[in-house]
Chemist: 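Dumping the structure here so I can ask a few things about it.
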Protein chains: 2
Amino acid sequence: MAHAAEIVRKGRKFDQVLQGARQVFLADGFEGASVDDIARAAGVSKATLYSYFPDKRLLFMEVARLECLRQGEESLALIEVAATPRMVLKEAAERMLGFLLSDFGQRVFRICVAEADRFPELGRQFYETGPMMVRNRLTEFLTECVDRKQMEIDDIELAADQFAELCKADLFPRLVFNIDATFSEAEIARVIDGAVETFMARYAI
Amino acid sequence: MAHAAEIVRKGRKFDQVLQGARQVFLADGFEGASVDDIARAAGVSKATLYSYFPDKRLLFMEVARLECLRQGEESLALIEVAATPRMVLKEAAERMLGFLLSDFGQRVFRICVAEADRFPELGRQFYETGPMMVRNRLTEFLTECVDRKQMEIDDIELAADQFAELCKADLFPRLVFNIDATFSEAEIARVIDGAVETFMARYAI
DNA sequence: CACCATATAAACCGATCAGTTCAGTTTCAA
DNA sequence: TTGAAACTGAACTGATCGGTTTATATGGTG
């Protein structure tokens, strides 16, 4: 973790700084957030902020790193193996969309996309704790299904990715391009059920 | 077209300005692009630029509007109805990915996502000439398939959206988060074939 | 109490950038 | 050829922002 080497972690206000930074970065993005705003939001002087983080970039990376970790931990909740594949898929879809459609998930995504070339490491970090995590969990589960002869899948990783994408149908474009900010239960259920049905039609035995 | 009302269109260098703006905006985004850079790239003085476009925002919107139009026109090429559904889907997938994976498509997407809240109209514009266009074309085709009893689909629009999403499996996240910038023919073929197979498994009679 | 790390407010610096101004030059059509 | 419209380049304004500095205050510890 070379990037954290220069960060001084001791001090009473360290957490305050991170908390304020998180709030402002998430609301305004990297360029949009001013250090003065962050200091104000954190209830801390700019000098204090700079005593912890030598520059804005590093502060941003630390916030992003923590958010990625948080996201990763959340998705680690176990998948119930006792249930039917249909139920498991539905559960997984609900969890995925729960994050993707949340105000918070949306902001993180937007920032990652926007800053992906300014912060090359950031994109990878988000990818690994997000989409890749989802794929791994799903791959695990699908492998079990194949072993139990419930499904027949030649390319399991592709199948996992397909399911993840199916869950975004309609909803994701509308969200990403700011057509809608929230969706009704019915809209979400329509997409999830559709995803499960299509997936099962292809892969269930 | 209220937003274009203030734009003066006459003058020798009008197109030069747009062309330079397109180049710089696409490379650097809205905030990242400086008006001086644009003027330089356009081979035009800043005063001339401002004589056409009263401010940077308006210039950006005009560039984005034209790009959206261009994109829309491109996707309007007819779908060959004589071919089998499988072939039509494959063709549609190739065209979609051709745009999405191109350096240019990627930049436009990135900018739209990043500036979606700074330019509310921009997101909608892109959505309507992009994802919505694709959905409409696909919906048309799928309706024909249903009429011809080649497929059985209860929610045709959802099916269209599903197919579009299936085409993005694996590739899109990797692109968006800057994991990879280009993909091999084999990688693309794998995803397209997978998308067609899954789609047909669900909906073909 | 005295010390020292920590924190603060506010002024300040240098750079960048959108947008303006202006005196002078080019272009082109009548 | 002439005159107006279009264009130029360069300087300038005013504002924002990242980052630094300084003089001062606070609070816990030995």
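Quick note on labels: first sequence line is chain A, next is B, and so on, each numbered from 1. In what follows, every heavy atom counts, from backbone to side chain, and hydrogens, waters and symmetry copies are set aside.
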Chemist: Can you name the side chain to side chain contact (heavy atoms under 4.5 Å, CB included) partners of B:Gln19, sequence neighbours left out?
Modeler: B:Gln23
Chemist: Could you tell me the separation between the CZ atom of B:Phe60 and the P atom of C:dG19, rounded to a whole number of Å?
Modeler: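 Whole-Å distance recorded here is 14 Å.
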Chemist: Would you please name every residue forming a side chain to side chain contact (heavy atoms under 4.5 Å, CB included) with A:Ala160, sequence neighbours left out?
Modeler: A:Arg135, A:Leu138, A:Thr139, A:Leu142
Chemist: Using side chain to side chain contact (heavy atoms under 4.5 Å, CB included) as the criterion, list what pairs up with A:Thr182, not counting sequence neighbours.
Modeler: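 With neighbours one apart ignored, the set is empty.
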Chemist: Under 4.0 Å between a side-chain N or O of A:Tyr52 and OP1 or OP2 of C:dA7?
Modeler: yes
Chemist: Could you tell me how far apart B:Lys46 (NZ) and C:dA18 (C1') are, to the nearest whole angstrom?
Modeler: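 In whole Å, C:dA18 C1' lies 6 Å from B:Lys46 NZ.
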Chemist: D:dA6 phosphate, OP1 or OP2: any side-chain N/O from B:Thr48 under 4.0 angstrom?
Modeler: no
Chemist: Among C:dA18, D:dT20, D:dG9, which is the nearest nucleotide to the side chain of A:Tyr50?
Modeler: D:dT20
Chemist: What residues form a side chain to side chain contact (heavy atoms under 4.5 Å, CB included) with B:Met200, not counting sequence neighbours?
Modeler: B:Pro85, B:Arg86, B:Leu89, B:Met151, B:Val196, B:Ala204
Chemist: Heavy atoms, side chains only, cut-off 4.5 Å: are A:Thr198 and A:Arg202 in contact?
Modeler: no
Chemist: How long is the line joining CG of B:Leu49 and C1' of C:dC17, in whole Å?
Modeler: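 From B:Leu49 CG to C:dC17 C1': 14 Å.
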Chemist: Could you write nucleotides 25-30 of chain C as a row of B, S and -, 5' to 3', where a protein heavy atom under 4.0 Å of any base atom gives B, of only sugar-phosphate atoms gives S, and otherwise -?
Modeler: --S---
Chemist: Just to be sure I understand the rule, does B:Lys13 reach a base, reach only the sugar-phosphate, or reach nothing, if contact means heavy atoms closer than 4.0 Å?
Modeler: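 Result for B:Lys13 = sugar-phosphate.
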Chemist: Please name all residues satisfying side-chain hydrogen bond (donor to acceptor under 3.5 Å, both in side chains) with A:Asp180, sequence neighbours left out, ordered by chain then number.
Modeler: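 By the side-chain hydrogen bond (donor to acceptor under 3.5 Å, both in side chains) rule, A:Asp180 matches A:Arg174.
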Chemist: I need the residues from residues 30-45 of chain A with at least one non-hydrogen atom less than 4.0 Å from DNA chain C; give them sorted by number, or say none.
Modeler: A:Gly43, A:Val44, A:Ser45
Chemist: What pairs with A:Asp154 under salt bridge (Lys or Arg N to Asp or Glu O under 4.0 Å), at least two apart in sequence or on another chain?
Modeler: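 Not a single residue meets the salt bridge (Lys or Arg N to Asp or Glu O under 4.0 Å) criterion with A:Asp154.
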Chemist: Can you sort out the partners of A:Phe30 under ring-ring contact (aromatic ring centres under 6.0 Å, His included), two or more places apart, ordered by chain and number?
Modeler: A:Phe60, A:Phe119
Chemist: Between B:Phe126 and A:Phe177, how do the two ring planes meet: parallel, tilted or perpendicular, split at 30° and 60°?
Modeler: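 B:Phe126 vs A:Phe177 ring planes: tilted.
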Chemist: When you check the phosphate oxygens OP1 and OP2 of D:dG18, does a side-chain N or O of A:Lys56 lie under 4.0 Å from one of them?
Modeler: yes
Chemist: Between atom CG in B:Leu58 and atom P in C:dA18, what is the gap in whole Å?
Modeler: 15 Å
